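In what follows, a structure is listed as structure tokens, so that the remarks can point back to it.
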Amino acid sequence: METEIKEIEKGFFVEMGEVKSPVELERVRVKYLGRKGILDKLFSQLSRVEITQRPLLGKMLNELKERMAKEIKEKESALAAGRKTVGVDLTLPGIYFEIGRKHILTQTIEDILVIFENLGFVAVEGPEIENEYYNFTALNIPPEHPATEAFHTFYLELPRDSAFGRYLLRSQTSTVQVRVMEKIKPPLRIVSPGRVYRPDAVDASHSFMFHQIEGFAVDEKIRFSDLKGVLFSFAQRFFNKEIKMRFRPHFFPFTEPSVEADISCIICKGKGCRVCGRKGWLEILGAGMIHPWVFRSAGYPRYKYTGFAFGMGVERMTMLKYGIEDIRLFFENDLRFLRQF
Ligand code: DAH
């Protein structure tokens with residue numbers, strides 16, 4: 001029996017050397033130390049051994065059992081430790097962090113500002129919470145005039161300022177004109193992007209909040225041809241070189257004369273299609289020569305300066321440039337739309 005025990009021990013260690021997983025380890029453990037395992041069988045054979053030999057063999061078996069148990073335990077922790085390091089599959093792709101991007105409206109604003117900055121304009125921002133003075137009065141718009149209905153929006157419940165009237169969310173970025181002119185003397189060339197608010201019901205082309213970019217230049221002897229040159233140059237850079245441009249007479253209280261500017265339809269190149277309503281032209285902005293009232297609001301000396309101003313809708317420019325048909329897409333945060341830009 002002594003040799004048999006030694007053979008079994010050898011066999012056990014050989015098998016243990018080949019164990020590579022917890023499942024294999026368990027199989028070996030059951031085979032040797034299990035309820036009906038090899039050692040169990042040997043213990044039960046002790047009773048048939050000669051009585052003088054029993055204590056010695058019993059001791060041998062007990063010691064072997066301990067060695068086996070110890071070996072199994074060590075293997076178990078070795079396998080567990082291995083899982084932690086070797087178990088990391090370095091070939092798996094890493095955790096993917098989505099890199100954000102600028103909203104398409106922000107991209108358009110930046111594109112437009114860069115074009116004007118290259119033409120010598122400086123970008124500034126004005127407040128979205130405005131008062132009636134800068135939103136209306138300073139711009140030659142009597143606040144109670146019925147024509148301002150489309151601009152009466154989002155009045156705030158703040159105490160009315162005696163000099164500046166009620167507070168409201170601005171309805172146009174033209175507010176920036178007098179705010180800037182009060183602070184700096186001509187020559188000046190300014191562009192000002194920002195949000196504006198109007199009491200419009202939301203549909204495919206209207207939103208109660210949208211973005212505008214205002215621009216104006218003031219100096220001695222600025223002429224209407226300067227306005228045309230700047231706007232044509234801008235439109236060519238923003239859309240493309242081939243577009244044509246035209247100016248139609250219009251009315252704005254803060255410019256005289258006033259115009260609306262159209263570009264030839266970028267879809268049909270002026271032939272007439274669904275996008276331009278078969279007209280061949282697309283309206284892109286309002287503009288004009290700054291009204292003397294505005295200079296008076298700014299405190300500029302009479303007749304000293306002339307200037308031009310223009311205002312365009314960022315959503316509209318973006319929709320025309322990229323062929324987007326519904327303004328609501330900009331604000332719904334649907335990533336399938338936003339990821340395209
Ligand atoms: N503020 C005008 C609007 O919201 C747009 C505009 C027209 C701005 C003519 C101007 C301008 O500076 O000269 O409809």
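All figures in this text were calculated on a predicted structure; none of them were measured in a lab. Ligands are counted one by one from 1 in listed order, and the atoms in each one are counted from 1 as well.
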Would you call Asp200 and Arg198 a salt bridge, taking side-chain N to carboxylate O under 4.0 Å as the test? no

With a 4.0 Å cut-off, would you call Arg29 and Glu76 a salt bridge? no

Apply side chain to side chain donor-acceptor pair (under 3.5 Å) to the pair Tyr32 and Glu71, showing each step before the final yes or no. CA-CA 12 Å; Tyr32 287 89; Glu71 178 71 10; over 6 Å; no

Any salt bridge between Lys75 and Glu24, counting N to O under 4.0 Å? no

Is any NZ, NE, NH1 or NH2 atom of the basic residue among Glu7 and Lys10 found under 4.0 Å from an Asp or Glu carboxylate oxygen of the other? yes

So, for Phe254 and Phe216, is the gap between ring centers shorter than 6.0 Å? no

Could you go through ligand 1 and note, for every N or O atom, any protein N or O atom closer than 3.5 angstrom, writing the atom names and distance to 0.1 Å, or 'none'?
residue: ligand 1; atom: 1 (N); partner: Gln172; partner atom: OE1; Å: 2.8
residue: ligand 1; atom: 1 (N); partner: Ser174; partner atom: OG; Å: 2.9
residue: ligand 1; atom: 4 (O); partner: Arg198; partner atom: NH2; Å: 2.6
residue: ligand 1; atom: 4 (O); partner: Gln212; partner atom: NE2; Å: 2.9
residue: ligand 1; atom: 12 (O); partner: Gln177; partner atom: NE2; Å: 3.3
residue: ligand 1; atom: 12 (O); partner: Glu214; partner atom: OE2; Å: 2.6
residue: ligand 1; atom: 12 (O); partner: Phe310; partner atom: N; Å: 3.3
residue: ligand 1; atom: 12 (O); partner: Phe310; partner atom: O; Å: 3.4
residue: ligand 1; atom: 13 (O); partner: Ala309; partner atom: O; Å: 3.2

